[in-house]
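Input: a single structure, listed below in structure tokens.
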Amino acid sequence: FGRFLPGKQNPVQNAKKLEAALSSKLPACCEKVATAGPYLNFTLSPQFLGKVIDKILTEGKRFIDRKPPEGMDRVMIEYSQPNTHKALHVGHMRNCALGD
């Protein structure tokens, strides 16, 4: 992000520039990239997700117990916190899966 800070450009415009630059260079695991305001959303391909799910099912607990790759010192885990005073519905899980 520091690359765009000196010009104090609009974050939405920066996201659109990044989307244009990345769209033609997506790895095989990504189906598309799209902007949502100042954010970029990456859509994973069904083939990639199928491979990951298959690996999780075949490896079971070994898949989850893996250590982060060498040199990766941070891992983010996001927890869902829906309103406890309202009925839980499918939209809550959708937002957890997609992120904000």
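Since the structure is predicted, the reported quantities are computational estimates derived from the model, not experimental observations. Counting from 1, the numbers follow the sequence of the chain as shown.
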Review point. Under a 4.5 Å side-chain heavy-atom rule over Ile, Leu, Val, Met, Phe, Trp and Tyr, are F63 and F48 clustered together?
Key: yes
Exercise for review: Nearest 0.5 Å please: distance from the CG atom of L22 over to the NZ atom of K32.
Suggested key: 15.0 Å
Exercise for review: Starting at SG of C29, measure out to CD of Q47 and round the result to the nearest 0.5 Å.
Suggested key: 11.5 Å
Exercise for review: May I have the step-by-step check of side chain to side chain contact (heavy atoms under 4.5 Å, CB included) for C30 and L44, ending in yes or no?
Suggested key: CA-CA 4 Å; C30 291; L44 299 176; 4.2 Å; yes
Check your understanding: Looking only at heavy atoms, which two atoms of P11 and P38 are closest? And how far apart?
Key -> CB-CB, 3.6 Å
Check your understanding: Which distance, rounded to the nearest 0.5 Å, do you find between the CZ of F42 and the CD of E19?
Key -> 9.5 Å
Check your understanding: Between atom OG1 of T35 and atom CG of N41, what is the distance when rounded to the nearest 0.5 Å?
Key -> 8.5 Å
Check your understanding: Hey, are the side chains of L18 and V33 touching, using non-hydrogen atoms and a 4.5 Å cut-off?
Key -> no
Exercise answer: donor-acceptor pairs, residues 52-59 side-chain atoms, under 3.5 Å, sequence neighbours excluded:
unit_1: T58; atom_1: OG1; unit_2: D54; atom_2: O; d: 3.0
unit_1: T58; atom_1: OG1; unit_2: K55; atom_2: O; d: 3.2
unit_1: E59; atom_1: OE1; unit_2: R66; atom_2: NH2; d: 2.4
unit_1: E59; atom_1: OE2; unit_2: R66; atom_2: NH2; d: 3.0

Check your understanding: For K61, which residues count as a salt bridge (Lys or Arg N to Asp or Glu O under 4.0 Å) partner, sequence neighbours excluded?
Key -> D65
**Study point:** Smallest separation among heavy atoms of P46 and E31, with atom names
**Key:** CD-OE2, 3.1 Å
